[in-house]
Number of protein chains: 2
Amino acid sequence: MQVIQIYKCMCDALRLRILNVLQDGPLCVCHLMEIFDCEQVKMSKQLRYMKELGMVVGERQAQWIVYRLADSCDPLLAENLKCLQDCAGEELCFAEDRNKRAEIIARLREEPCGCPTAVISE
Amino acid sequence: MQVIQIYKCMCDALRLRILNVLQDGPLCVCHLMEIFDCEQVKMSKQLRYMKELGMVVGERQAQWIVYRLADSCDPLLAENLKCLQDCAGEELCFAEDRNKRAEIIARLREEPCGCPTAVISE
DNA sequence: CCAGCATATGCAGCAAGGGGTATATGCCGG
DNA sequence: CCGGCATATACCCCTTGCTGCATATGCTGG
């Protein structure tokens, strides 16, 4: 039941925020950790969960693993992600997360660290 | 965090189906049980959970309790419920549930059972 | 082959969710 | 006040999810 999977993925704050930033492009784990100030284990496990639900895919690039939204991104999911921006008044700052992502990408262009995030997000 | 509550409510198949039929109007517990062929305890517990999440409200009418979507039905929820109709291809038959509801309402008009469902859904 | 970085996995503990059985509550009609 | 209907609650058990700690894996550069 695909629909349920989607809601299962979105019913946790961190997962929802992850989906939100991945809208703007792929990210490797280290930068997801940075954006959400999140421990490695925690991030890794949430990503695994989301992968099992079929919402994201991870692709190895050298020592990094780059995550992005699954290709067959359901229109229902896409629609909901679009709506997140309107929830600015709430506790979770989806717009802020996306800004943080943009800052990281900008920084990586200045001082590349080898991680493929910046290249991919061209 | 309102958004998360919404997704928490929708991430279970039965709850999602309940929300779906309540779109068409209030129902008392006995008819919800009939539509989903569901035990009383199970139904009662899911309704309680949904009430705690603020998604539905229950109002006593004589010996029955009539449930409906909460007044402050978030636009995000409304949008998602609308989309359910498009998921007809999937396992869960949202349209079928709504038909079942319509049948019950029709039957109650013929042979009222005292329960307020039919009256309310005028 | 080794050291180091990025990421994943195994295990254990704990909270939340979901199901079932039994029982309680609230309302009604007599 | 009693019996019966509609619904809720308490209690128990099982499964799932989340967290943290420790450790493993996969890749790279030397």
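The basis for the numbers below is simple: all heavy atoms, side chains too, and nothing from hydrogens, waters or symmetry mates. Every chain is numbered from 1, with letters handed out A, B, ... down the list of sequences.
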Q | Test item: B:Arg98 side-chain N/O and B:Val21 main-chain N/O as donor-acceptor pair under 3.5 Å | A | no
Using a 3.5 Å distance criterion without hydrogens, assess whether the side chain of B:Gln23 forms a donor-acceptor pair with backbone atoms of B:Asn20.
yes
Below 4.0 angstrom from OP1 or OP2 of [N], is there any side-chain N or O of [X]?
X       : N      : value
B:Arg15 : C:dG18 : yes
B:Tyr67 : D:dA6  : no
A:Lys8  : D:dT16 : no

Mind calculating the distance between [atom1] ([X]) and [atom2] ([N]) to the nearest angstrom?
X       : N      : atom1 : atom2 : value
A:Glu39 : D:dC21 : CD    : P     : 8 Å
B:Leu47 : D:dA8  : CG    : P     : 7 Å
B:Asp12 : C:dG18 : CG    : C1'   : 8 Å
A:Ile65 : C:dT9  : CD1   : C1'   : 12 Å
B:Lys42 : C:dG17 : NZ    : C1'   : 13 Å
A:Glu34 : C:dA6  : CD    : P     : 12 Å
A:Leu14 : D:dG17 : CG    : P     : 15 Å
A:Met33 : C:dC5  : CE    : C1'   : 12 Å

Ranking C:dG18, D:dA8, C:dT9 by distance to the side chain of B:Ser44, first place goes to D:dA8
Among the nucleotides C:dA8, D:dC18, D:dT7, whichever has the atom closest to the side chain of B:Val29 is D:dT7
With B for base contact, S for sugar-phosphate-only contact and - for none (protein heavy atoms under 4.0 Å), nucleotides 22-30 of chain C reads B---SSS--
Notebook entry, point to check: How about B:Tyr7 and B:Asn80: does a side-chain donor come under 3.5 Å of a side-chain acceptor?
Noted result: no
Worksheet item: In terms of hydrophobic clusters joined by side-chain contacts under 4.5 Å, are B:Leu19 and B:Leu76 together?
Response: yes
Hits for salt bridge (Lys or Arg N to Asp or Glu O under 4.0 Å) against B:Glu39, two or more places apart or cross-chain, chain-then-number order -> none
Requested in this report: Answer yes or no: is there a side-chain heavy-atom contact under 4.5 Å between B:Cys30 and B:Trp64?
Outcome: yes
Here the residues of residues 48-57 of chain A within 4.0 Å heavy-atom distance, strictly under, of DNA chain D are A:Tyr49
Salt-bridge test for B:Arg107 and B:Glu34: reply yes if a basic N is under 4.0 Å from a carboxylate O, no otherwise. yes
Q.
Under a 4.0 Å threshold between the charged nitrogen and the carboxylate oxygen, would B:Lys100 count as salt-bridged to B:Glu96?
A. no
Note: A:Leu47 and A:Val56 closest approach over all heavy atoms is O-CG2, 4.0 Å
